[in-house]
2 protein chains.
Amino acid sequence: MAIDVKTQKVIAHPRLPAELVDSTSFLLKRLGFAAKGRSMDAFEEAGFNPYSFAVLAALDESAHETQGAVADALGYDRSQMVGILDELEEQGLVERRRDKVDRRRHVVELTADGKKALAKLRVLMKHLDDEFLAPLDAVERDTLHLLLLKLAQRHEPRCAPLSTGS
Amino acid sequence: MAIDVKTQKVIAHPRLPAELVDSTSFLLKRLGFAAKGRSMDAFEEAGFNPYSFAVLAALDESAHETQGAVADALGYDRSQMVGILDELEEQGLVERRRDKVDRRRHVVELTADGKKALAKLRVLMKHLDDEFLAPLDAVERDTLHLLLLKLAQRHEPRCAPLSTGS
DNA sequence: TATTGTTATACTCTATAACTATA
DNA sequence: TATAGTTATAGAGTATAACAATA
């Protein structure tokens with residue numbers, strides 16, 4: 001219990017109702033927002049847009065992506081992607097070129113600086129994960145990741161493994 | 001793999017970059033948003049504000065709460081709480097009275113209808129949790145909840161157990 | 001007519017700061 | 001002077017729709 005310096009009275013820390021804390025999806029909501037807030041702060045502090053890492057990672061994984069393909073892969077709106085890429089292009093991290101075959105399309109590619117930035121962001125992301133998961137040991141982290149993955153495969157179709165059947 | 005009906009070509013489902021899916025805090029973010037979206041839709045469909053459940057639960061747990069105490073317990077802004085309580089009062093689910101001892105304060109209390117609504121919302125919440133956790137068996141659900149609780153105690157202080165020491 | 005990227009618009013959230021009435 | 005509740009305002013974020021160029 002904390003003690004107020006001036007009044008010397010006990011400060012009862014305001015607590016969440018037990019039935020909310022008992023709800024797993026409530027905890028997921030709160031922790032998701034906490035994780036988002038932390039990563040946004042950290043990315044911004046490092047001079048990046050909160051979306052930069054996801055976009056650069058997508059481009060690194062399969063090069064010569066079209067603008068819309070990146071948006072679809074990440075689940076962003078295509079109109080939202082315009083501004084994100086504008087900024088990344090200004091920073092010299094990506095290049096946009098018209099597709100010669102279909103001149104409506106913009107092919108997006110990482111620049112050398114973009115790859116360097118991605119490397120930096122990977123370190124930052126790893127650090128954020130480590131920090132967020134600090135209360136858990138290695139086994140617990142693996143277990144948690146596995147369980148979240150199971151949920152994500154249902155609730156976030158883009159996480160689902162590639163289906164091989166017809 | 002899905003096949004396009006018209007072109008008979010393979011449709012590669014847009015997929016998230018592997019390194020994002022490998023990040024536990026990324027999964028937490030995505031799942032948190034998915035959980036929030038689902039519960040907001042369900043609450044709204046049932047005629048409630050997304051915040052109703054949390055507020056009613058807080059009032060049920062410790063009656064005669066002051067308006068600011070509820071806001072602090074749930075982590076909402078006090079100015080935000082005004083609108084939420086306005087709506088709950090219109091619906092006849094809570095009552096606001098001036099505190100006779102300190103006339104600046106509003107004491108908030110559940111009405112009989114408020115308790116009935118809370119019972120309904122508890123069922124709805126339980127249903128939502130069950131649905132969201134459907135991919136997991138009972139043991140996995142318990143494990144997940146425990147792990148999230150550990151994280152929440154660090155990242156969401158309002159979830160922390162009451163400390164007993166000085 | 002449909003699609004890609006773009007722009008414009010509108011709407012929700014949230015955060016902040018003023019304002020009142022009490023203390 | 002500080003606090004509880006309230007109101008007003010501004011900013012970010014997001015979702016939608018319209019638009020031009022191309023297919």
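Below, chain A is the first sequence line, B the second, and so on; all start at residue 1.
- Side-chain contact check for A:Asp129 and B:Ser23: at least one donor-acceptor pair (N or O, by modelled atom type) lies under 3.5 Å.
- In this structure, B:Tyr76 has its ring center closer than 6.0 angstrom to the ring center of B:Tyr51.
- Checking the phosphate oxygens (OP1, OP2) of D:dT6, a side-chain nitrogen or oxygen of B:Arg96 falls inside 4.0 Å.
- Contacts between residues 64-72 of chain A and DNA chain C, counted as heavy-atom distances below 4.0 Å, involve A:Thr66, A:Gln67, A:Gly68.
- Contacts between residues 103-110 of chain B and DNA chain C, counted as heavy-atom distances below 4.0 Å, involve B:Arg103, B:Arg104.
- The interatomic distance linking A:Arg97 (CZ) with C:dG5 (P) rounds to 13 Å, in whole Å.
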For A:Arg96 and A:Glu109, what are the C-alpha separation, side-chain angles and deciding distance, and is it a salt bridge (charged side-chain N to carboxylate O under 4.0 Å, His left out)?
CA-CA 7 Å; A:Arg96 270 193 279 211; A:Glu109 235 173 332; over 6 Å; no

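- Among pairs with a residue in residues 61-82 of chain A, those fulfilling salt bridge (charged side-chain N to carboxylate O under 4.0 Å, His left out) read A:Asp72-A:Arg78, at least two apart in sequence or across chains.
- B:Leu27 places a side-chain heavy atom less than 4.5 Å from the side chain of A:His145.
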Reading nucleotides 12-19 of chain C from the 5' end, what letters show protein touch, with B for base, S for backbone sugar-phosphate only, - for no heavy atom under 4.0 Å?
-SS-B---

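- Rounded to an integer number of Å, the gap from CG of B:Asp41 to P of D:dA15 is 12 Å.
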Let's go through A:Phe53 and B:Glu19 carefully: what are the C-alpha distance in whole Å and the side-chain angles of both, what is the deciding distance for side chain to side chain contact (heavy atoms under 4.5 Å, CB included) to 0.1 Å, and is it a yes or a no?
CA-CA 10 Å; A:Phe53 178 59; B:Glu19 60 182 310; 3.6 Å; yes

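- Rounded to an integer number of Å, the gap from B:Met81 CE to D:dA4 C1' is 13 Å.
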Please step through side chain to side chain contact (heavy atoms under 4.5 Å, CB included) for the pair B:Leu151 and B:Leu28, ending with a clear verdict.
CA-CA 11 Å; B:Leu151 291 180; B:Leu28 272 173; 4.3 Å; yes

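- For A:Lys126, the side-chain hydrogen bond (donor to acceptor under 3.5 Å, both in side chains) partners at least two apart in sequence or on another chain are A:Asp130.
- With no hydrogens or angles considered, a side-chain donor-acceptor pair links A:Lys29 and B:Ser39 at under 3.5 Å.
- Not one side-chain nitrogen or oxygen of B:Arg78 sits closer than 4.0 Å to the OP1 or OP2 atom of D:dT6.
- For B:Leu85 and D:dA4, the CG to C1' distance is 13 Å, given to the nearest whole Å.
- Here A:Arg98 lies out of heavy-atom contact (under 4.0 Å) with every strand.
- A straight line from CD1 of A:Ile84 to P of D:dA15 spans 12 Å, rounded to a whole angstrom.
- Scanning for side-chain hydrogen bond (donor to acceptor under 3.5 Å, both in side chains) contacts around B:Glu44 gives an empty result, with sequence neighbours left out.
- We find that OH of A:Tyr76 is positioned 17 Å from P of C:dG5, with the value rounded to whole Å.
- The nearest whole Å value for the distance from the CG atom in B:Asp102 to the C1' atom in D:dT3 is 8 Å.
- Shown are B:Arg122, B:Lys115, B:Lys116; of these, the salt bridge (charged side-chain N to carboxylate O under 4.0 Å, His left out) with B:Asp60 is made only by B:Arg122.
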